[in-house]
Amino acid sequence: MMSSEERLEEALSAYNSKISNLEDAGDSDDLLEAYINRGTVLMMMESYVAAESDFEEAIETILFRERKGIPTDLGLFIRAYENHGQLFCGNGNDIMVADYARIADRLPELKSGTRYFSLKDIVIMCINCAEDLMDEGYHREAMPFLTKASESLSGKNDVWSDNRRMDVEGIMGEALKAAGDLKGALDHYEWAVRIGQYLYDHDEIEDPYLLTLCYMYRGDVKDELGDAKGSLDDHMIACDMLEESVVNGATGNKQMLVDLCQDIASRLMEQGNIEKSEKYLLKSMRHGLPEMDEAIGALGIKRPDE
């Protein structure tokens, strides 16, 4: 059986031959597609400079066609700009943003059945682009992708679609919060939590950690809107879910758990709820300093779950 590295090498060799043969015939969709596919293989092989060269060749072809008034297949267009943009994720420059803006301009044309794009492919591409833009602080630029994903999911009631809908609603909440629209953000977090809790209760949620984050971020928004009780309730639910994940080894984000426990303890202390505050302080010590668990037991102090 061939290894994944061997398969990539074989694919690269095949595309090298294909491009060599097609270049003699001049511009064609087949040549454009071969450049995009070879660039994708090179990116998977972590040959990023060579991959960038192929994607730039594809984009130059698209721009040349535009100057001549020649249309480019929508699927090829999006793949060229999406893959080129991905190469610059996290580099703090505007290349990715410009590439994704080109895709956003043509999102209204994108439909299931476009080359390379089933409905699921559209939703995943839109979520990925939106997350990349959010990571770089471009929350407004992320909205067209989130809107397209939401529209594509409309009327779909299967488990996969519901999980993606929770993702989209959560990211929309994050984007609107970043834009200063707290009430709009709260509305989307409400939907994300509602969908996610239903999936969780029916053991159909793909990533419970995302639901935990939605509870936590909804609590943050409620706090900014002056709903201290609602904020504390959400943070306590998030804390319980996060602790369960940490204990079960599903996530290693202990620092977030410790910080959340300490914040809840501080709020409860301000309310005069000393007993409950101590419970969360002990939780924070137990997960933040595992060696303290033995000391707590040796002193005869009840653990948080006792």
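Nothing here was measured: the structure is a model prediction, and the numbers come from that model.
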Query raised in the report: Among side-chain atoms of Arg164 and Ser152, is any donor-acceptor pair under 3.5 angstrom?
Result: no
Query raised in the report: Is atom CD of Glu109 surrounded by more than 12 heavy atoms (other residues, nucleotides or ligands) closer than 6.0 Å?
Result: yes
Requested in this report: Kindly say whether Glu174 contributes a backbone atom to a donor-acceptor pair with the side chain of Tyr189 at under 3.5 angstrom?
Outcome: yes
Query raised in the report: Does a side chain donor of either Thr61 or Asp27 reach within less than 3.5 Å of an acceptor in the other side chain?
Result: no
Query raised in the report: Does a sphere of radius 6.0 Å around CD in Glu66 hold more than 12 heavy atoms from other residues, nucleotides or ligands, not counting ones at 6.0 Å or beyond?
Result: yes
Report task. Would you please say whether a donor-acceptor pair under 3.5 Å links the side chains of Ser266 and Asp263? Result -> no
Query - Short side-chain to backbone donor-acceptor contact, Asp162 and Val159, under 3.5 Å - result: no
Report task. Spell out, yes or no, whether Val123 and Ile205 are grouped together once hydrophobic residues are joined by side-chain heavy atoms under 4.5 Å, including indirect joins. Result -> no
**Report entry** Side-chain donor-acceptor contact under 3.5 Å, Arg267 with Asn273
**Finding:** no
Report task. Return yes when atom CE of Met44 has more than 12 non-hydrogen atoms of other residues, nucleotides or ligands closer than 6.0 Å, and no otherwise. Result -> no
Query raised in the report: For Ser13, does its backbone N or O pair with a side-chain atom of Ser17 as donor and acceptor, under 3.5 Å?
Result: yes
Query raised in the report: Is a side-chain donor or acceptor of Asp223 paired with a backbone partner of Gly219 at a separation under 3.5 angstrom?
Result: no
Report task. Take atom CZ of Arg115 as the centre, draw a 6.0 Å sphere, and report whether it contains more than 12 heavy atoms from other residues, nucleotides or ligands. Result -> yes
Query raised in the report: Donor-acceptor pair, Asp94 side chain versus Val97 backbone, under 3.5 Å?
Result: no
